[in-house]
Amino acid sequence: MSEIIVAANWKMNKTVTESNDLVKEILKEVPVIDSVTCIVFPPFLSLPSVANLIKGSSIKLGAQNMHSAQKGAFTGEVSGLMLQDYCSYVLLGHSERRVLFGETDEFVNEKLAGAIEFGLRPIVCVGEQSSDRARGLTENVIRSQIKNSLKDIEGINDIIVAYEPVWAIGTGTAASPEDAEEVNKFIRDELALMFGSEKVLQTPILYGGSVTEDNIAEFLAKPNVNGALIGGASLSSEGFTQILQNACNLT
Ligand code: PGA
């Protein structure tokens, strides 16, 4: 596995000015990255200016969500066609979209087809609730999310998967690196059943949920954890550049 991905999900944080300031700080401090792919996911409104600021740098840009349709009567939504002018990645099926906005695997699957159509590299998020884990249902939940979110997709090609246990997101209680490795390996095995084992050897599978500069190295040391999706700790340039530095030091 050659690619390590460090992705910053800013969620609904940062005005346009604040986004610009943060990305300028990251650009100042960013280590020379060749072995790590760094992607930032600002709010929609900040995409144009951040896209401008990162031109010529190694930082990549992604959107936090998209609609599956190209255009039409979908008030408040943003399509892949609109996003492709600014970014090359898109987050799909984040647990906040699933839990707070009722997104189903079927909808995530439609969005995934849309992302592929518009040349956006998707990060498909999956993860169990704490009640699922307590009842020993983690694998059932993950299997069903993977199968249904990636249903009828022609190839695994550029798809990235992120395992984000819902109980670990924004709580300060990360999964153990061993638990993350176990679930990420399970995800790779499920993908292998769908797409063939050769095809999924290079599929990046990330871990997300309370990742910080203090624990990133332990996660990335695991063979099936090929990167991290970071929320809270990506909102300060100091924290995030330290995370990047720690990831670079491992390669
Ligand atoms: P967190 O969020 O790092 O704040 O836990 C991760 C995410 O939601 O992607």
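Indexing begins at 1, ligand by ligand and atom by atom, following the structure's order. Not measured: the values here are computed from a predicted model.
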Please list, in number order, the atoms of ligand 1 under 4.0 Å from a heavy atom of [X].
{"X": "Gly170", "value": "1 (P), 4 (O), 5 (O)"}
{"X": "Ala168", "value": "5 (O)"}
{"X": "Lys11", "value": "2 (O), 7 (C), 8 (O)"}
{"X": "Asn9", "value": "9 (O)"}
{"X": "Gly209", "value": "5 (O)"}
{"X": "His94", "value": "7 (C), 8 (O), 9 (O)"}

When you measure from the heavy atoms of Ser210 to every atom of ligand 1, does any distance fall below 4.0 Å?
yes
Go through the steps to decide whether Arg98 and Asp105 satisfy the test side chain to side chain contact (heavy atoms under 4.5 Å, CB included), and finish with yes or no.
CA-CA 8 Å; Arg98 292 174 184 268; Asp105 287 328; 2.5 Å; yes
I need the nearest protein heavy-atom contact for atom 7 (C) of ligand 1: residue, atom name and distance, please.
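So the nearest neighbour among protein heavy atoms is Glu164 OE2, 3.2 Å.
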Looking only at protein heavy atoms, identify the closest one to atom 3 (O) of ligand 1 and say how far it is in Å.
Gly231 N, 2.8 Å
At under 4.0 Å between heavy atoms, what of Ser95 touches ligand 1? The answer is neither
Which part of Ile169 is near ligand 1, with near meaning a heavy atom under 4.0 Å away: side chain, backbone, both or neither?
both
Are Val211 and Leu235 in one and the same hydrophobic cluster, where Ile, Leu, Val, Met, Phe, Trp and Tyr link if side-chain heavy atoms are under 4.5 Å apart?
yes
Kindly confirm or rule out an N or O of [X] lying under 3.5 angstrom from an N or O of ligand 1.
{"X": "Gly232", "answer": "yes"}
{"X": "Ile230", "answer": "no"}
{"X": "Thr171", "answer": "no"}

Would you tell me whether His94 and Glu164 have side-chain atoms, one donor and one acceptor, within less than 3.5 Å of each other?
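Side chains of His94 and Glu164: pair found under 3.5 Å.
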Test item: side-chain donor near acceptor, Asp132 and Thr138, under 3.5 Å:
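Asp132 vs Thr138: no donor-acceptor pair found between side chains.
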Crowded around [X] [atom1]? As in, over 12 foreign heavy atoms under 6.0 Å?
{"X": "Glu198", "atom1": "CD", "result": "no"}
{"X": "Leu137", "atom1": "CG", "result": "yes"}
{"X": "Lys147", "atom1": "NZ", "result": "no"}

Asn65/Phe44 under side chain to side chain contact (heavy atoms under 4.5 Å, CB included): CA gap, chis, key distance, verdict:
CA-CA 9 Å; Asn65 183 27; Phe44 285 130; 4.3 Å; yes
Can you classify the ring geometry of Phe107 versus His67 as parallel (below 30°), tilted (30 to 60°) or perpendicular (above 60°)?
perpendicular
